[in-house]
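The sequence lines fix the lettering, A, B, ..., with proteins before strands; numbering per chain opens at 1.
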Number of protein chains: 2
Amino acid sequence: MSPNVLGVAGSLRHDSWNRRLLGALAELAGDDLRLTVYDGLEQIPLFNEDAEEPTPPGVRQLREAVRGADGLLIATPEYNQSMPGVLKNAIDWLSRTEPVLEAKPVAVIGATVGNWGTRLAQAAVRQALTATGAFVMPQPMLFVARANERFDPSGRLHDAEVSSGLRKVAQAFRQWMVTHR
Amino acid sequence: MSPNVLGVAGSLRHDSWNRRLLGALAELAGDDLRLTVYDGLEQIPLFNEDAEEPTPPGVRQLREAVRGADGLLIATPEYNQSMPGVLKNAIDWLSRTEPVLEAKPVAVIGATVGNWGTRLAQAAVRQALTATGAFVMPQPMLFVARANERFDPSGRLHDAEVSSGLRKVAQAFRQWMVTHR
């Protein structure tokens, strides 16, 4: 059976390139994995140690989604040469109380309209996830630059290189999840 | 006249070590600077490009506070080997629409109960701030480890080494603000 993967886009924008990238991967992955894109990141409050109990509903929902998934796939944009605060805030919550990221297989990809393909953002995501005890897949990496040239106006991917990269990520991530089951 | 500095603690916790560190600096700085600790970070929503207009009130308030200050002093904890998402989220908002961080003198310090003094968090803060065009003071750095041993139960600093470090930061930051006025 195909492993069940939770996809999280690091941007809250409705037409985010990273949400589109996850959508493209869901189609291209075939039997390698079943991807469900998470839709409730905007329900997560700012992390505050004074407000951890009772667990905010949006945090409980994300925790349960991560716990129930065989793996987590993060697609991140780059803001100010790092990951978005929104994404780090979610990781901060997930690292507390109940360690749902510990030993969880995670893959990281990212897209941007800029030239550098979210390299610094992905490095930041990998570092923070590694600190949580997640099993972060080291290879293949996928850095999508000039995302606006790779999707058509309706948001569908039409780029052979990125399509091939997504397929390789899906295949390798399937194997990574099997190895770390 | 003493420059007017806005202090921002990267944790929302009421009794945060970094808030206490800013309080200690405010007392120790003497005439080097007047520090006002910002109290509205929890009013800033998660960044969302779809929700930038109209500017959320909490963001407008922080922007005005930064614009009105001669310098910004950030005291950060370390979460998952980086800065808190809460702090990055604020930086993400401040880097948009109106570039209030551009050419703004900024100093970074940090405290933690752990052994490593927020070294990775501060490196992440410096990198993101540099990306915004802020003028980040390179030296002196102040990494406060085992913060719980350095404050008394009422939250007052009683540590000569940290007190001396805070005075040096205040003196150097005054000069940095004069240089970059």
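Every residue meeting the side-chain contact (heavy atoms from CB on, under 4.5 Å) condition with B/A103, not counting sequence neighbours, appears here in chain and number order: B/F135. Residues passing the side-chain contact (heavy atoms from CB on, under 4.5 Å) test with B/A123: none are found, sequence neighbours excluded. In this structure A/A29 satisfies the side-chain contact (heavy atoms from CB on, under 4.5 Å) test together with A/L25, A/L33, A/A170, sequence neighbours excluded.
No chain of hydrophobic side-chain contacts below 4.5 Å, direct or via other Ile, Leu, Val, Met, Phe, Trp or Tyr residues, connects A/M177 to A/V66. Residues B/L73 and B/L101 are members of separate hydrophobic clusters, defined by side-chain heavy-atom contacts under 4.5 angstrom among Ile, Leu, Val, Met, Phe, Trp and Tyr. Residue B/M83 is grouped with residue B/L41 when hydrophobic side chains (ILVMFWY) are merged at heavy-atom distances under 4.5 angstrom, including chains of intermediate members.
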Here's a test: name every donor-acceptor pair under 3.5 Å between chain B and chain A, with the distance for each.
unit_1, atom_1, unit_2, atom_2, d
B/H14, N, A/D50, OD2, 2.7
B/D50, OD2, A/H14, N, 2.7
B/Y79, O, A/K88, NZ, 2.6
B/N80, ND2, A/D92, OD1, 3.1
B/N80, ND2, A/S95, OG, 3.1
B/Q81, O, A/Q127, NE2, 2.8
B/M83, O, A/K88, NZ, 2.9
B/G85, N, A/D92, OD2, 2.8
B/K88, NZ, A/Y79, O, 2.7
B/K88, NZ, A/M83, O, 2.8
B/D92, OD1, A/N80, ND2, 3.1
B/D92, OD2, A/G85, N, 2.8
B/S95, OG, A/N80, ND2, 3.1
B/Q127, NE2, A/Q81, O, 2.8

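Both the backbone and the side chain of A/I91 come within contact range of chain B, with heavy atoms under 4.5 Å apart.
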